[in-house]
Amino acid sequence: MAELLAPAGNPEALDAAIGEGADAVYLGLKSFNARLRSANFAWNQFEGAVQSLHRMGKKIYVTVNTVSEERETERLYRFLAYLNRVGPDGLIVQDLGVVRMCQEFFPDLVLHGSTQMNVASAAGVNLLAKEGLKRVVVARELGLEELRAIKARTSAELEVFVHGALCVSESGLCLFSSFLGGKSANRGMCTQACRRFYTAEMGEGTEQGYYFSPSDLQLIDHIPDLMELGVESFKIEGRMKSAEYVGSVVAAYRYLMDHWQEDKKGSVAAAKRMLATDFARAKTSYWFGFKTGAAGVDGAGDAILNPRQAGGTGIYLGVIDRIQTAAPRVQEDAAAEPVRMACLRGGSYEPDAGDSVRLHRKDDSGRESHKVRTVQTDDKGNRWIDIPAGFSCGDSVYLLQTKAMSKRYARVLPADIGRFRRQPGAEKLPVLDLTPVEKNELSYFPAGLYMQVSTVSDMFAVQSQHPVRVILELNFETKADLLDLKMTLPFSKRQIIISLDPYCPAATEDDLAVTLDHCIANGFTTFVANNIAHIALLRGKGVNIIAGPYLYTFNRWAVSWLENQDIGAFITPIENSYANLQATFEKNVRDRVLVTTYAYPALFRMRFKLPKSYDFTYFTDKEEMEFKVNSTPDGSFVMPEAPFSIVDKIEMLDHEGFHRVLIDFSKTKVSRGELKLVKTAMLKKLPVPETSRFNWKDGFYSPERMEEYRASNERAAERSAQSARGGAGSAARQGRGAKRGGAKGNGRRGKRVP
């Protein structure tokens with residue numbers, strides 16, 4: 001019997017999930033999970049939940065599905081040691097470093113590969129299974145036939161998302177939020193750039209819309225097919241959703257899973273009626289509507305994208321038009337903060353007390369679910385509802401659930417959770433040394449300038465720069481060129497490195513295997529692997545494998561896991577910082593590293609062509625930052641118009657032992673003018689104008705470090721003020737007419753700290 005797996009973003013959602021019949025729940029704690037903006041569980045709540053659920057015969061999985069920087073690995077080690085003591089039923093992991101650390105120190109922890117690992121084929125699933133992972137949460141961009149093919153080739157458990165929000169980008173490959181301000185989706189800080197309102201440059205002017213905001217997944221019609229297929233776990237997305245939402249969705253899927261064999265058509269219809277109270281976005285079956293991968297690439301964009309679909313979840317109630325303080329009789333506690341009341345405009349439904357709503361700040365900086373407690377009507381008939389602090393006029397409000405849908409559930413957590421005292425300890429992480437470079441080991445990976453391109457014609461264009469190696473993308477265009485034995489190439493095959501696309505779906509896995517065999521037979525010897533499946537497909541072929549930027553090496557434990565796969569060279573992730581690069585790779589192993597110094601990073605990588613109505617290449621956000629989109633038979637790619645560049649730092653990198661640098665023109669046309677601009681900047685050690693540093697200097701956004709930074713500034717300002725007050729008092733006592741000295745407080749605004 002398949003498992004029904006439900007989200008538990010807070011204790012109330014946990015109660016609803018179990019109350020409606022979920023077999024298992026997944027939840028996050030206060031760190032190392034991909035929904036840091038949800039409430040998550042305190043230590044004692046989590047320990048109490050494990051005890052209660054195990055007594056009920058239910059399972060509990062913990063999300064540890066973010067990548068960790070090197071400085072965080074000791075805290076990660078302590079966190080894993082704590083989980084090992086408490087004993088959940090599994091950990092959902094993304095970071096290869098977590099896998100390596102658990103293999104070394106915590107072999108009893110059961111690991112599930114997160115969808116953020118971007119596993120979409122049997123080759124990837126089987127490699128993880130050989131590495132000890134019990135289950136893989138497969139990528140969401142797969143169809144039923146692809147899942148059938150994977151299931152037929154693996155004995156590992158498969159977990160499939162069946163309901164909830166979708167990412168427009170291929171699983172685990174989105175860089176947009178990180179590019180905008182260091183809030184990486186791979187770090188649980190996604191600001192949902194896909195849900196934003198953009199202005200597109202059409203042929204006859206500009207048009208606006210939610211061009212990349214996908215519909216929500218709903219596979220209720222396909223549950224019988226998936227059960228017959230033998231999928232082990234059906235996963236509902238929604239750790240940031242209300243308890244009412246979790247309860248209603250779990251109830252529908254539970255009903256269908258229990259009754260479909262008695263009456264398939266009738267039970268599907270009944271379950272769909274139960275889902276009618278899911279006030280989320282429009283629904284889609286996404287890739288399940290297509291028989292082949294090619295049909296999906298052509299049609300999936302139309303299946304999930306609608307520019308007129310707002311980015312918010314729920315029924316649109318309008319925007320906050322006015323705010324006022326509630327009448328005195330409404331104040332529950334005279335000592336508490338005044339209750340703020342808001343009048344909405346623009347919606348078609350007036351909420352009542354007990355309804356659940358979600359508020360979205362107009363600048364996309366935050367959102368919050370809220371249960372309406374108070375409703376007032378003024379003398380003019382205007383309706384006012386209470387709202388939480390932090391929201392203002394112009395912010396949007398959506399209805400999530402009505403009061404009539406609310407149910408009371410038995411509490412899962414024990415009444416007394418004070419007796420649960422376990423927390424991460426102060427264990428010391430043992431030192432891990434990466435493998436020093438042996439003589440002649442990296443003959444395929446010489447020091448110098450590398451250049452990456454997407455077409456053979458661009459290989460000719462960069463020939464004048466005399467790179468020591470050129471990296472050529474394997475795509476729909478270059479595949480034919482590489483397999484054409486008569487094609488003239490501007491570099492020898494020993495100098496050409498073939499880079500594989502980071503998305504490796506089941507539909508193209510066999511074709512890719514054949515293509516790789518042909519390339520190897522034709523004399524190509526070095527490949528960049530960007531997906532776990534690539535490692536499996538290339539292993540034992542007698543070729544050199546370089547770990548690409550999408551096999552995220554943000555810490556040396558991840559590097560060590562890749563070393564154990566017989567990989568000895570690495571291209572650092574493009575969203576990495578200089579400080580973390582230095583911390584991960586000590587000087588004696590930096591000859592293993594290729595650093596990207598110029599690129600147009602793919603911020604969204606979409607496994608489909610854009611709808612035909614998307615007749616534009618360039619679009620801008622509300623800050624007037626410009627982006628471009630390229631739609632191809634391999635999928636669609638969104639890139640910034642302004643490239644990432646640190647070419648002025650190449651000499652510094654060389655001095656620090658990073659002797660291999662990459663200029664990456666992937667997904668863009670190489671021009672003579674841009675080559676000259678980049679070369680001049682390299683020679684003169686000057687920044688390229690109008691480019692981005694991405695996270696190179698400031699690193700990832702860190703709420704903890706921001707708080708430390710603010711607190712430090714406040715302490716410094718207070719010390720300065722105290723010193724000034726003391727100095728002024730002394731001067732006054734001297735009575736010599738000295739001017740009274742005012743303290744110069746630290747008035748600088750907080751900023752991201754590397």
Side-chain angles (χ1 to χ4, degrees), residues 70 96 100 127 431-453 459 462-463 465-474 482 489-500 516-530 532 534-551 553 555-573 576 581-597 650-664:
E70 181 62 30
L96 298 173
R100 176 72 176 86
L127 189 148
V431 175
L432 173 69
D433 292 320
L434 299 177
T435 308
V437 179
E438 297 181 4
K439 186 178 181 181
N440 300 323
E441 177 195 353
L442 297 177
S443 58
Y444 63 93
F445 194 57
L449 175 65
Y450 289 62
M451 302 196 80
Q452 181 161 333
V453 295
M459 289 176 69
V462 302
Q463 191 177 16
Q465 306 305 307
H466 305 294
V468 295
R469 292 290 186 271
V470 63
I471 302 176
L472 180 66
E473 277 195 342
L474 182 65
L482 290 174
L489 300 174
F491 297 89
S492 71
K493 292 174 182 176
R494 184 181 62 85
Q495 292 176 291
I496 298 173
I497 299 171
I498 298 175
S499 179
L500 308 183
L516 292 176
D517 286 343
H518 279 301
C519 287
I520 295 167
N522 288 346
F524 296 98
T525 60
T526 305
F527 297 82
V528 175
N530 279 302
I532 290 171
H534 298 157
I535 302 172
L537 293 175
L538 290 168
R539 178 178 284 168
K541 303 286 186 180
V543 297
N544 309 305
I545 306 175
I546 299 171
Y550 292 98
L551 289 176
T553 49
N555 58 72
R556 65 183 63 188
W557 291 89
V559 176
S560 178
W561 187 88
L562 290 165
E563 282 187 333
N564 289 344
Q565 311 305 314
D566 297 324
I567 295 176
F570 312 92
I571 304 176
T572 186
N576 208 356
L581 177 65
Q582 289 180 300
T584 303
F585 295 97
E586 294 180 343
K587 285 197 171 184
N588 67 330
V589 294
R590 289 178 182 174
D591 276 341
R592 296 193 179 281
V593 184
L594 176 59
V595 181
T596 303
T597 58
I650 287 178
E651 185 177 279
M652 177 198 72
L653 285 166
D654 187 67
H655 178 74
E656 291 297 323
F658 296 102
H659 305 306
R660 294 153 183 81
V661 295
L662 172 63
I663 307 295
D664 187 355

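Atoms considered below: every heavy atom in the structure, side chains included; atoms not considered: hydrogens, waters and symmetry mates. In this text the structure is predicted, and so the values were computed from the model without any measurement.
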side-chain contact (heavy atoms from CB on, under 4.5 Å) test vs Ile571 passes for just one of Asp664, Ile546, Val595, namely Ile546

Qualifying residue for side-chain contact (heavy atoms from CB on, under 4.5 Å) with Cys519, from Ile498, Thr525, Val543, Ile496: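 That would be Ile498; it is the only one of Ile498, Thr525, Val543, Ile496 passing the side-chain contact (heavy atoms from CB on, under 4.5 Å) with Cys519.
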
Using every non-hydrogen atom in the two residues, find where [X] and [Y] come nearest and quote the distance to one decimal.
X	Y	answer
Lys493	Phe524	CG-CE2, 3.7 Å
Met459	Pro490	CB-CG, 3.6 Å
Asn530	Ser499	ND2-OG, 3.5 Å
Ala536	Leu127	N-CD1, 3.7 Å
Asn555	Thr584	C-CG2, 3.5 Å

Set out, in order, the CA-CA distance, both residues' side-chain angles and the distance that settles side chain to side chain contact (heavy atoms under 4.5 Å, CB included) for Phe658 and Thr572, then state yes or no. CA-CA 11 Å; Phe658 296 102; Thr572 186; over 6 Å; no

Do the side chains of [Y] and [X] get nearer than 4.5 Å, heavy atoms only?
X	Y	answer
Asp566	Ile545	no
Lys541	Asp517	yes
Ile471	Leu594	yes
Arg469	Thr526	no
Arg660	Phe445	yes
Leu562	Leu96	yes
Ile497	Tyr444	no

Going by the rule side-chain contact (heavy atoms from CB on, under 4.5 Å), which residues pair with Thr435 if we only count those two or more places apart in sequence or in a different chain?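 side-chain contact (heavy atoms from CB on, under 4.5 Å) list for Thr435, sorted by chain: Glu563, Arg592.
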
Can a donor-acceptor pair be found, under 3.5 Å and without considering hydrogens, that links the side chain of [X] to the backbone of [Y]?
X	Y	answer
Glu70	Arg556	yes
Lys587	Gly657	no
Thr597	Leu662	yes
Arg590	Gln582	yes
Gln495	Ser492	yes

Candidate pair Leu500 and Leu537, rule side chain to side chain contact (heavy atoms under 4.5 Å, CB included), full reasoning: CA-CA 11 Å; Leu500 308 183; Leu537 293 175; over 6 Å; no

Using the side chain to side chain contact (heavy atoms under 4.5 Å, CB included) rule, take Leu474 and Phe527 through it: C-alpha gap first, then chi angles, then the decisive distance, then the call. CA-CA 10 Å; Leu474 182 65; Phe527 297 82; over 6 Å; no

